[in-house]
Amino acid sequence: MFVNILVQLGFIAVVVLFAFLTLRAWGSKNAILKWGGVVLSGLLTLVALAITGVALMGMLKTYAPPGNPVSNIKVQGTPEQIARGEKFANMCTGCHSVGNKLPLIGSTQNFALIPNGPNLGSIYPPNLTPAGELKDWSDGEIIRALREGIHKSGRPLIIMPSEAFHSLSDADVYALVAYLRSQPATKNIPESDAPSNSPNMLGVFMLSIGMFNTSAQPPITQPIPAPPPGVNLENGKYLTTVLACADCHGKSYKGGDPSGFAPVGPNILAIVPAWSDADFIKLFRTGTDPAGKVVAEEMPWKDYAKFSDDELKAILMYLKSLK
């Protein structure tokens, strides 16, 4: 953040410099120097001012607290909650673990390094066991981070799937907090070696112009009830949403966006109508489709290992209901 502030101040200094040169040119008695200087330095002033404005908007989106309040909820941490929370914690292993398996000890992979693309700064998934910073967070602050994408400090998080988690029921988000608290306190790297998390100025620019967004979501002010359990459309829609299937398969599940940051999943609405419940369950138990073909490595089928057959059937039922 400090480096970005210095860069922002540098942009402001450039604007002031070009504006000063414009005024100096205006005062020249030589017509060629006067009008040539005014046009050139004036244009440079406008360009520098535009860049400064875009950078400032990006800084505000990146660091300004949205003002989401924190609840004072205290999670009980029952065995039932921990078992339920582990199902959803498995969905976090792709970012917050080593080897895509629990516990969620964090990762040394910089998610701001785009493959075959620019460096957008440093964004490292943190340690989510009690050895990490969550030990100093309240349950309400963790719930706000999960469902609303807001850090304990109040700043927005980045590359946190809070758009999907925003729909997590109260019971399930409490269960996930219970599981996070129950993990063994394990360190991936010493705290003194933990890299700082912040986009660089290029990342700030991309945030400003909407090429990607922070994880910040609107405040949740009403209770979110859980769907009825079992094989039904409401439960299937709920699970499909909170498990972030749309991140890879697109919001309409008709294929992912090649210009996005997530793996590009296929059009599943063109695939699943021909599948039986057994076919769908087999995919998430073995990683192979009905024809025996191994699915792409990017498909996180192992993350669904804790979900029951009925829950997977509910997801398939919902997907088949879509036109």
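The cluster map of Ile, Leu, Val, Met, Phe, Trp and Tyr, joined by side-chain heavy atoms under 4.5 Å apart, puts Val177 and Met160 in the same cluster. Under a hydrophobic-cluster definition in which Ile, Leu, Val, Met, Phe, Trp and Tyr are linked whenever side-chain heavy atoms come within less than 4.5 Å, directly or via other members, Val242 and Leu312 are assigned to the same cluster. Residues Val204 and Ile159 are members of one and the same hydrophobic cluster, defined by side-chain heavy-atom contacts under 4.5 angstrom among Ile, Leu, Val, Met, Phe, Trp and Tyr. Clustering ILVMFWY residues whenever any of their side-chain heavy atoms sit less than 4.5 angstrom apart, transitively, puts Val70 in a cluster other than the one holding Leu180. Linking Ile, Leu, Val, Met, Phe, Trp and Tyr residues whenever their side-chain heavy atoms come within less than 4.5 Å places Leu207 and Tyr63 in a single cluster.
Side chains of Pro199 and Thr62 form a contact here, defined as non-hydrogen atoms less than 4.5 Å apart. Side-chain contact check for Leu168 versus Ile224: every heavy-atom pair is 4.5 Å or farther apart. Counting only heavy atoms from C-beta outward, the side chains of Arg144 and His151 never approach each other to under 4.5 Å. You'll find the side chain of Asn100 stays beyond 4.5 Å of the side chain of Lys302, heavy atoms only. Counting heavy atoms from C-beta on, the side chains of Val173 and Phe165 never come closer than 4.5 Å. Contact of the Gln109 side chain with the Pro125 side chain is not registered, since no non-hydrogen atoms from C-beta on lie closer than 4.5 Å. Side-chain contact between Ser97 and Leu102: absent, with no pair of heavy atoms (C-beta onward) separated by less than 4.5 Å. The shortest side-chain heavy-atom distance between Pro266 and Ile271 falls under the 4.5 Å cut-off.
In the hydrophobic clustering, Trp26 connects to Trp35, Val38, either directly or through intervening members, whenever side-chain heavy atoms lie under 4.5 Å apart.
Between Asp257 and Lys251 there is no salt bridge, since no side-chain nitrogen of the basic residue lies less than 4.0 Å from a carboxylate oxygen of the acidic one. Look at Lys152 and Asp136 and you find no salt bridge, because none of the NZ, NE, NH1 or NH2 atoms lies under 4.0 Å from a carboxylate O.
Taking the six-membered ring where tryptophan is involved, the planes of Phe280 and Phe284 are perpendicular, since the angle between them exceeds 60° and thus also 30°. Under the 30°/60° scheme for interplanar angles, the aromatic rings of Phe205 and Phe11 are found to stand perpendicular.
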Please tabulate, one pair per line, all N/O donor-acceptor pairs under 3.5 Å involving side-chain atoms of residues 13-20, not counting sequence neighbours.
none

Extract all donor-acceptor atom pairs below 3.5 Å that involve side chains of residues 313-323 and protein atoms in other chains or at least two apart in sequence.
unit_1 : atom_1 : unit_2 : atom_2 : d
Lys320 : NZ     : Trp275 : O      : 2.6
Ser321 : OG     : Tyr318 : O      : 2.5

If you look only at distance, which donor and acceptor atoms sit under 3.5 Å apart when one is on a side chain in residues 75-84 and the other is two or more places apart or in another chain?
unit_1 : atom_1 : unit_2 : atom_2 : d
Thr78  : OG1    : Gln81  : N      : 3.1
Gln81  : OE1    : Gly77  : N      : 2.8
Gln81  : OE1    : Thr78  : N      : 3.1
Arg84  : NE     : Asp172 : OD1    : 2.8
Arg84  : NH1    : Glu311 : OE2    : 2.7
Arg84  : NH2    : Asp172 : OD1    : 3.4
Arg84  : NH2    : Asp172 : OD2    : 3.2

Acceptor/donor pairs from residues 289-297 side chains to any protein atom, 3.5 angstrom cut, sequence neighbours excluded:
unit_1 : atom_1 : unit_2 : atom_2 : d
Asp289 : OD1    : Ala291 : N      : 3.0
Asp289 : OD1    : Gly292 : N      : 3.0
Asp289 : OD1    : Lys293 : N      : 2.8

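Pairing each heavy atom of Asn235 with each of Gly230, the nearest pair is ND2-O, 3.0 Å.
In terms of modelled atom types and a separation under 3.5 Å, the side chain of Asn68 and the main chain of Gln217 share a donor-acceptor contact. The backbone N or O of Lys254 sits nowhere less than 3.5 Å from a side-chain atom of His249 that would complete a donor-acceptor pair. Gln183 contributes a side-chain N or O that, together with a main-chain N or O of Leu128, makes up a donor-acceptor pair within less than 3.5 Å. Here the side chain of Arg181 pairs no donor or acceptor atom with the backbone of Thr129 at under 3.5 angstrom. For the pair Asn232 (side chain) and Pro229 (backbone), a donor-acceptor distance under 3.5 Å is present. Remark: the backbone N or O of Gly255 is not paired with any side-chain donor or acceptor of Asn267 at under 3.5 angstrom. Under a 3.5 Å cut-off, the side chain of Thr186 and the backbone N or O of Pro184 do form a donor-acceptor pair.
Crowding of Arg24 atom CZ: a count of heavy atoms from other residues, nucleotides or ligands under 6.0 Å not exceeding 12. Few gaps surround CD on Gln8; more than 12 heavy atoms of other groups in view lie less than 6.0 Å from it. Other residues, nucleotides and ligands contribute at most 12 non-hydrogen atoms within 6.0 Å of the NZ atom of Lys306. Under a cut-off of 6.0 angstrom, the local environment of CD1 in Ile32 is sparse, with at most 12 non-hydrogen atoms contributed by other residues, nucleotides or ligands. Atom CG of Asn30 has more than 12 heavy atoms from other residues, nucleotides or ligands within 6.0 Å.
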Stepwise side chain to side chain contact (heavy atoms under 4.5 Å, CB included) check, Phe111 with Ile158: CA-CA 10 Å; Phe111 279 57; Ile158 299 176; over 6 Å; no
Intermediate values then yes/no, salt bridge (Lys or Arg N to Asp or Glu O under 4.0 Å), Asp303 and Lys101: CA-CA 9 Å; Asp303 298 345; Lys101 59 183 179 180; over 6 Å; no
Leu233 and Lys237: CA distance, side-chain angles, deciding distance, side chain to side chain contact (heavy atoms under 4.5 Å, CB included) verdict: CA-CA 6 Å; Leu233 286 176; Lys237 180 179 180 180; over 6 Å; no
Verdict with reasoning, Val264 to Glu298, per side chain to side chain contact (heavy atoms under 4.5 Å, CB included): CA-CA 9 Å; Val264 180; Glu298 292 81 6; over 6 Å; no
Side chain to side chain contact (heavy atoms under 4.5 Å, CB included) evaluation trace for Glu148 with Ile220: CA-CA 8 Å; Glu148 301 173 34; Ile220 294 175; 3.8 Å; yes
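Taking Val47 as the reference, Ile51 meet the side chain to side chain contact (heavy atoms under 4.5 Å, CB included) condition, with sequence neighbours excluded.
No side-chain N or O of Thr93 forms a donor-acceptor pair with one of Asn90 less than 3.5 Å apart. Residues Ser308 and Asp310 have side chains that never bring a donor and an acceptor to within less than 3.5 angstrom of each other. In this structure, a donor-acceptor pair under 3.5 Å is absent between the side chains of Ser162 and Ser215. With 3.5 Å as the limit, one finds no donor-acceptor pair spanning the side chains of Tyr174 and Ser169.
To the nearest 0.5 Å, atoms CD (Glu163) and OG1 (Thr241) are separated by 10.0 Å.
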